[in-house]
Number of protein chains: 2
Amino acid sequence: MNIGEVSKRAGLPKKTIRYYEDIGLVTPLRDTNGYRSFRDSDMHKLAFMGRSRALGFTIEDCRNLLALWDDQDRASADVRTIAKEHLAQIESKIVDLQAIQETLTLLVKECAGDDRPDCPILKTLEQFPMK
Amino acid sequence: MNIGEVSKRAGLPKKTIRYYEDIGLVTPLRDTNGYRSFRDSDMHKLAFMGRSRALGFTIEDCRNLLALWDDQDRASADVRTIAKEHLAQIESKIVDLQAIQETLTLLVKECAGDDRPDCPILKTLEQFPMK
DNA sequence: CTTGACCTTCCAGTAACTGGAGGCCTTACT
DNA sequence: AGTAAGGCCTCCAGTTACTGGAAGGTCAAG
């Protein structure tokens, strides 16, 4: 399978697939003309990557997950630990963003948004201690 | 005022302040020994930056906000537009993260997390169409 | 034999810093 | 006078996960 086909099937840009090869996540074979030749197992790995990345796992997390995936003797606890840590990070990010959202919503509401220069948003950025 | 003092007062790392000078956000004076010498106005700008960045505005947004801040004839609508766009992005990011959070929570719940190799998290990453 | 769609590599850029090396300046203490 | 600590300087490189583009080889159709 050539890269274009893999790209379509895995839903990843060709650039990304080449990049994943660069950093050693997949190692496709090569045809005599130099073209990458992907096996089904490469395809699977890439699809796995796509899904893991869509869930926000870092590349390094993905690398570890792939290794666990390959390891028939893995303990599911190892996978769970990675997922739980990631989940915790997602949750703390949500909390942070929600705080920002609240503040911004307030500011936008308070600002007249007309052609006068008076602006509570700027005033806040100027003065608010914020932490 | 030297960079150390400014760093403390503005709550920004020295490295960041130097970086902000590099990209033209502040232009402190220089003492004869080459040390940066920050005026109150520089200090204010940096504090403004710190607060804007804490609200998640990009550097370019900050640059625009600073320009509007400096412009006595600005229209508050311009500021409001920037803030509203940013708010929209924050909100969409929250939605994305919440979707991820849901999926992950489910997966973590389903996974036994013991020393057996059977793991629904990996199974999902392997198979789930996900979009 | 040329056109277009593939594929290749390599270089550079993104956002917003952060770390570190190597080295000067200042101040205080012995 | 010497020295040690701490602050300051510049410059280079690395981070994350790609993405864009240039220059060029390959392949199938007409």
Side-chain angles (χ1 to χ4, degrees), chain A residues 1-38 42-43 45-46 48-66 82 85-86 89-90 93 96-97 100, chain B residues 1-38 42-43 45-46 48-66 82 85-86 89-90 93 96-97 100:
Chain A
M1 223 186 314
N2 278 354
I3 197 169
E5 180 67 17
V6 176
S7 168
K8 257 182 243 159
R9 290 211 215 171
L12 292 173
K14 292 179 227 170
K15 278 279 185 187
T16 300
I17 296 173
R18 292 196 193 100
Y19 172 68
Y20 286 169
E21 182 184 6
D22 271 0
I23 61 174
L25 284 177
V26 278
T27 321
L29 303 174
R30 294 292 179 139
D31 287 342
T32 45
N33 57 11
Y35 286 17
R36 287 170 184 80
S37 174
F38 294 85
D42 298 320
M43 176 65 213
K45 266 192 194 177
L46 289 168
F48 184 102
M49 282 299 299
R51 293 184 199 109
S52 310
R53 293 286 300 128
L55 284 179
F57 285 102
T58 64
I59 292 279
E60 282 320 300
D61 278 348
C62 292
R63 202 188 289 279
N64 293 327
L65 289 173
L66 271 178
I82 296 178
E85 260 165 39
H86 180 49
Q89 280 179 19
I90 298 282
K93 209 174 269 177
D96 290 351
L97 287 179
I100 291 177
Chain B
M1 222 185 314
N2 279 354
I3 198 169
E5 181 67 17
V6 175
S7 168
K8 257 181 244 159
R9 289 211 216 172
L12 292 173
K14 292 179 226 170
K15 278 277 186 188
T16 300
I17 296 173
R18 293 197 192 100
Y19 172 69
Y20 286 169
E21 182 184 4
D22 272 0
I23 61 173
L25 284 177
V26 279
T27 322
L29 303 174
R30 295 289 181 141
D31 286 343
T32 45
N33 58 10
Y35 286 18
R36 287 169 184 80
S37 175
F38 295 83
D42 298 320
M43 177 63 214
K45 266 192 194 178
L46 289 168
F48 184 102
M49 282 300 299
R51 293 183 199 112
S52 310
R53 293 286 300 128
L55 285 178
F57 286 102
T58 65
I59 293 278
E60 283 320 299
D61 278 347
C62 292
R63 203 188 287 279
N64 293 327
L65 289 173
L66 271 178
I82 295 177
E85 260 164 39
H86 180 49
Q89 280 180 20
I90 298 281
K93 209 174 267 176
D96 291 352
L97 287 179
I100 291 176

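To find a chain, count down the sequence lines: A is the first, B the second, and so on, and within it residues start at 1.
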Looking only at non-hydrogen atoms, find the nearest pair between B:Ile100 and A:Ala54 and report the distance. CD1-O, 3.6 Å
Those residues that, when tested against A:Phe48, pass ring-ring contact (aromatic ring centres under 6.0 Å, His included) (two or more places apart): A:Trp69
Might you point out which heavy atoms bring B:Val26 and B:Lys45 nearest each other, and give the distance in Å? CG1-CB, 4.0 Å
Dot-bracket, 5' to 3', for DNA chain D please: Watson-Crick or G-U pairs under 3.5 Å, [ ] where pairs cross earlier ones, | where the partner sits on another strand, dots elsewhere. ||||||||||||||||||||||||||||||
All ring-ring contact (aromatic ring centres under 6.0 Å, His included) counterparts of B:Phe57, not counting sequence neighbours: B:His86
B:Arg53 or B:Asn33: which one's nearest nucleotide on DNA chain C is closer to the 5' end? B:Arg53
Chain B vs DNA chain C, heavy-atom contacts under 4.0 Å, first-to-last nucleotide span, 5' to 3', is C:dA16 to C:dT26
Only pairs under 3.5 Å count here: list side-chain donor-acceptor contacts from residues 6-20 of chain B, not counting sequence neighbours, and write none if there are none.
residue: B:Ser7; atom: OG; partner: B:Leu12; partner atom: O; Å: 2.7
residue: B:Arg9; atom: NE; partner: B:Glu5; partner atom: OE2; Å: 3.1

Quick one, B:Arg63 with B:Thr58, criterion side chain to side chain contact (heavy atoms under 4.5 Å, CB included). Give me CA distance, side-chain angles, the key distance, then yes/no. CA-CA 9 Å; B:Arg63 203 188 287 279; B:Thr58 65; over 6 Å; no
Under the side chain to side chain contact (heavy atoms under 4.5 Å, CB included) test, which residues partner A:Asn64, sequence neighbours left out? A:Ile82
Go through the structure and list residues passing salt bridge (Lys or Arg N to Asp or Glu O under 4.0 Å) with A:Arg36, not counting sequence neighbours. A:Glu21
Across all chains, not counting sequence neighbours, the side chain to side chain contact (heavy atoms under 4.5 Å, CB included) partners of A:Thr27 are none
Per the under-4.0 Å heavy-atom filter, residues of residues 14-29 of chain A near DNA chain D come out as A:Lys15, A:Thr16, A:Tyr19, A:Tyr20
Are the side chain of A:Asn2 and the backbone of A:Gly4 linked by a donor-acceptor contact shorter than 3.5 Å? no
Of all nucleotides in DNA chain D with an atom under 4.0 Å from a non-hydrogen atom of chain A, which is the first and which the last going 5' to 3'? D:dA17 to D:dC27
Residues passing the side chain to side chain contact (heavy atoms under 4.5 Å, CB included) test with A:Asp22, sequence neighbours excluded, are none
Salt bridge (Lys or Arg N to Asp or Glu O under 4.0 Å) involving B:Asp42 - partner list, sequence neighbours excluded: B:Arg39
